[in-house]
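All heavy atoms count here, side chains included; hydrogens, waters and symmetry mates do not. The structure presented is a predicted model; accordingly, all values stated were derived computationally and were not measured.
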Amino acid sequence: MSRIESTFAALRQQGKTGLVTFITAGDPGPDLTVPLMHALVAGGADVLELGVPFSDPMAEGPVIQRACERALKFGIGLPDVFNYVREFRKTNADTPVVLMGYANPIERIGPDNFIRCAKDAGADGAIVVDYPPEECEAFADAMRDNGLDLIFLLAPTSTVERIRQVARYGSGFSYYVSLKGVTGAGTIDTADVARRVAAIREHVSLPIGVGFGIRDAETARAVASVADAVVIGSRIIQEIENAGPQAAVPAVQSFVAGIRAALDSREQEVR
């Protein structure tokens, strides 16, 4: 089992909903990434998504776009991201770390080199927004051969064929994008999410995480009733922006702890 598979298996055994959290590497400053990663875990995150800064993040709303801009001003790139994971692993050997970004930086260093570096650093998988599953068979196989999971996005507009492709090549978990739009935009229609997730489960046996619009504990609780994990990114970046660099770490931990408490209280009520 990969670390991601083991984490979701343990969550399932405990009757818990997973909490997947996102930050952009290098934001709000290079020295804060690893402390923020540890703060996310301390707050109750089960899986960490570490965003690779990119100049044209087409799936991201204004909040994460600003995070990328801040990180790029520090010159943060893939080598730095690998180093953050390596540093994090010195004191945390258990929490899965997924690298999330776009194809261009991977193509620049070469997919094989990316896989080698990610594995050596201690990463567990990747989400590459603009790698369609129809064109990813070789990359997905190479990732899997190296013990890494390739996680694909599914959207409200995904066809049955696309869902089947994700089932064929994806591993770890599947990420359902609950909105027709970019990260952090709009509000979630939980009834529609429930219908879409049920349709995905007809073809995909992987755990399903839902994101792109979960901004508070109430929405997280609602999504948890139909998903295996809730995914929060833009709202965490907003906490970083609002708190400023000096107070970002405790602010993020406090926010994530509130979401974790809401999920846990729902699960206690269900029992």
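- Taking a cutoff of 4.0 Å between a charged side-chain nitrogen and a carboxylate oxygen, E137 and R168 do not qualify as a salt bridge.
- The shortest distance between side-chain heavy atoms of I64 and F22 falls below 4.5 Å.
- A side-chain N or O of R221 and one of S265 form a donor-acceptor pair less than 3.5 Å apart.
- At a threshold of 4.0 Å, the pair R116-D112 does not count as salt-bridged, since none of the basic side-chain nitrogens sits closer than that to a carboxylate oxygen.
- Counting heavy atoms from C-beta outward, T91 and H38 have side chains that approach closer than 4.5 Å.
- Taking a cutoff of 4.0 Å between a charged side-chain nitrogen and a carboxylate oxygen, E202 and R164 do not qualify as a salt bridge.
- In this structure, a donor-acceptor pair under 3.5 Å is absent between the side chains of Y175 and E49.
- Between F173 and F8, the distance separating the two ring centers is shorter than 6.0 angstrom.
- A salt bridge does not link D228 to K16: none of the charged nitrogens lies less than 4.0 Å from a carboxylate oxygen.
- Side-chain atoms of D46 and V20, non-hydrogen and from C-beta on, never get closer than 4.5 Å to each other.
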Item checked: Working for side chain to side chain donor-acceptor pair (under 3.5 Å), residues Q165 and E161 -> CA-CA 6 Å; Q165 290 281 355; E161 181 54 34; 3.2 Å; yes
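- Once rounded to the nearest 0.5 Å, the distance linking OG1 of T190 with CD1 of I214 reads 10.5 Å.
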Notebook entry, point to check: Under the salt bridge (charged side-chain N to carboxylate O under 4.0 Å, His left out) criterion, do D27 and R66 qualify, and how do the steps go?
Noted result: CA-CA 9 Å; D27 175 56; R66 291 195 298 268; over 6 Å; no
Checklist line | Test side chain to side chain contact (heavy atoms under 4.5 Å, CB included) applied to L40 and I23, step by step | finding: CA-CA 9 Å; L40 292 168; I23 58 171; 3.9 Å; yes
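- Judged purely by distance below 3.5 Å, without hydrogens or angles, the side chains of D149 and S2 pair a donor atom with an acceptor atom.
- Here the side chains of V252 and I240 are in contact, with some heavy-atom distance below 4.5 Å.
- The existence of a salt bridge linking R89 and D120 is excluded, since no basic side-chain nitrogen approaches an acidic carboxylate oxygen closer than 4.0 Å.
- Side-chain polar atoms of Y131 and E107 form a donor-acceptor pair below 3.5 angstrom.
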Next item on the list: Begin with the C-alpha distance, continue with both residues' side-chain angles, and end with the deciding distance and a verdict on side chain to side chain donor-acceptor pair (under 3.5 Å) for E60 and Y102.
Entry: CA-CA 11 Å; E60 318 299 351; Y102 294 83; 3.2 Å; yes
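- The OG atom of S234 lies 9.5 Å from the CD atom of Q65; values are rounded to the nearest 0.5 Å.
- Residues R235 and E239 are paired through a salt bridge, judged by an N-O separation under 4.0 Å between the basic side chain and the carboxylate.
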